[in-house]
2 protein chains.
Amino acid sequence: MTEHSLWRFSRALHRAINERQFADLEPLIDEDVDWAIYGPIDMFPFLGARRGRAAVLDVIRRIAENVRIHRFDRETIMLGADSASSMLRYSLTALDSNKPISLRIAHFAQFREGRLSSIRVLADTFDLVEQALGYPIHLPRIAS
Amino acid sequence: MTEHSLWRFSRALHRAINERQFADLEPLIDEDVDWAIYGPIDMFPFLGARRGRAAVLDVIRRIAENVRIHRFDRETIMLGADSASSMLRYSLTALDSNKPISLRIAHFAQFREGRLSSIRVLADTFDLVEQALGYPIHLPRIAS
């Protein structure tokens with residue numbers, strides 16, 4: 001039984017972010033990959049949508065310039081033949097401010113011939129923004 | 001082939017929210033259900049964690065008092081024997097302000113004997129907060 005594409009991709013991605021080693025990652029990304037991390041792109045320009053391997057490698061380089069991953073726990077996972085979804089909790093450091101950031105994300109990924117062809121990532125972005133700012137945003141209580 | 005538990009739960013949940021009909025939903029929730037929607041509970045007290053059927057039915061009643069679902073598109077889905085994950089895009093109305101809200105969420109659900117036993121929901125909460133406020137929150141550009 002061969003290893004699921006998710007595990008190879010996940011290892012290579014984390015190595016790219018923490019060690020800026022892209023050699024393992026590049027062949028695991030489809031040339032026409034469709035990539036989106038939903039969130040406030042005004043604050044974090046490396047969020048948002050990208051298309052194609054070059055654009056995705058570039059955005060991963062930008063992520064690597066901004067955060068370091070200390071640990072991650074995969075809380076839930078579902079694997080299909082060429083697909084995977086999981087919910088993960090990351091402990092990061094924001095490199096410019098040296099602030100610790102704790103972030104829960106969900107991803108849905110598709111692979112084609114072992115390469116990432118599509119990924120969508122959601123995060124609790126309000127919590128992320130408050131941690132990056134370092135202070136709470138005052139919110140009115142809207143709902144009853 | 002029997003219908004996946006997700007479809008029955010999803011129909012009953014939407015009916016509970018829009019029509020405040022809980023008769024179909026109640027038997028589809030495990031007595032000891034573990035429930036969490038991550039997000040700013042100061043602004044939206046119906047977010048957060050709940051444990052047990054009574055607490056979950058109560059929180060769904062609160063959601064029903066605050067939003068109406070106009071439509072939803074299931075963008076991605078993964079089904080296991082007793083599990084399901086999906087990414088959905090909802091068009092809602094906030095009932096107090098009559099504001100339209102567009103919300104993307106990811107959920108991971110577990111079922112036990114056809115009943116929901118666990119669910120975790122993530123949303124792009126910063127976008128949600130801005131829509132509910134009705135104005136953008138000024139953010140510094142943090143990342144390079």
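Every chain is numbered from 1, with letters handed out A, B, ... down the list of sequences.
Within 6.0 Å of the CZ atom in R115(B), the count of heavy atoms belonging to other residues, nucleotides or ligands does not exceed 12.
The hydrophobic cluster containing W7(A) does not contain M78(B), counting ILVMFWY residues as joined when their side-chain heavy atoms lie under 4.5 angstrom apart, directly or transitively. Under a hydrophobic clustering in which Ile, Leu, Val, Met, Phe, Trp and Tyr are joined whenever their side-chain heavy atoms come within less than 4.5 Å, directly or via other members, L88(A) and I101(A) fall into the same cluster. Put simply, V121(B) and M87(B) are part of two different groups of oily side chains (I, L, V, M, F, W, Y) that touch within less than 4.5 Å, one to the next. Side-chain heavy atoms closer than 4.5 Å link hydrophobic residues (I, L, V, M, F, W, Y) into clusters, and following such links, even through other members, never connects F108(B) to I77(A). Hydrophobic clustering (side-chain heavy atoms under 4.5 Å, transitive across Ile, Leu, Val, Met, Phe, Trp, Tyr) groups L47(B) together with L103(A).
Using a 4.5 Å cut-off between heavy atoms, A123(A) contacts chain B through its backbone alone, with no side-chain atom that close. Using a 4.5 Å cut-off between heavy atoms, S86(A) touches chain B through its backbone atoms (N, CA, C, O) alone. When heavy atoms are compared at a cutoff of 4.5 Å, I105(B) approaches chain A solely by way of its backbone atoms N, CA, C and O. Heavy atoms of A84(B) lying under 4.5 Å from chain A belong exclusively to its backbone. For D42(B), the part lying near chain A is the backbone, with the side chain staying farther off; criterion is any non-hydrogen pair under 4.5 Å. Interface remark: L95(A) contributes no atoms to any contact with chain B (heavy atom separation under 4.5 Å).
Annotation: the span from R141(B) atom CZ to M43(A) atom CE amounts to 12.0 Å, rounded to 0.5 Å. The structure places OH of Y38(B) at 3.5 Å from CZ of R104(A), a figure rounded to the nearest 0.5 Å. I137(B) CD1 to H138(A) NE2: the interatomic distance, rounded to the nearest 0.5 Å, is 11.0 Å.
Nearest heavy-atom pair, L122(A) versus A106(B), reported as atom, atom and distance to 0.1 Å: CD1-N, 3.4 Å.
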>> Please determine whether side-chain contact (heavy atoms from CB on, under 4.5 Å) holds for the pair F126(B) and E130(A), giving the CA-CA distance in whole Å, both sets of side-chain angles, and the decisive distance to 0.1 Å.
In response: CA-CA 10 Å; F126(B) 186 80; E130(A) 286 197 323; over 6 Å; no
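In terms of heavy-atom pairs under 4.5 angstrom with chain B, the leader among L79(A), D124(A), L139(A) is D124(A). Annotation: maximal heavy-atom pairing with chain B below 4.5 Å, among G80(A), S83(A), S85(A), occurs at S85(A). Among the candidates L128(A), D127(A), T125(A), I41(A), the residue making the largest number of heavy-atom pairs closer than 4.5 Å to chain B is T125(A).
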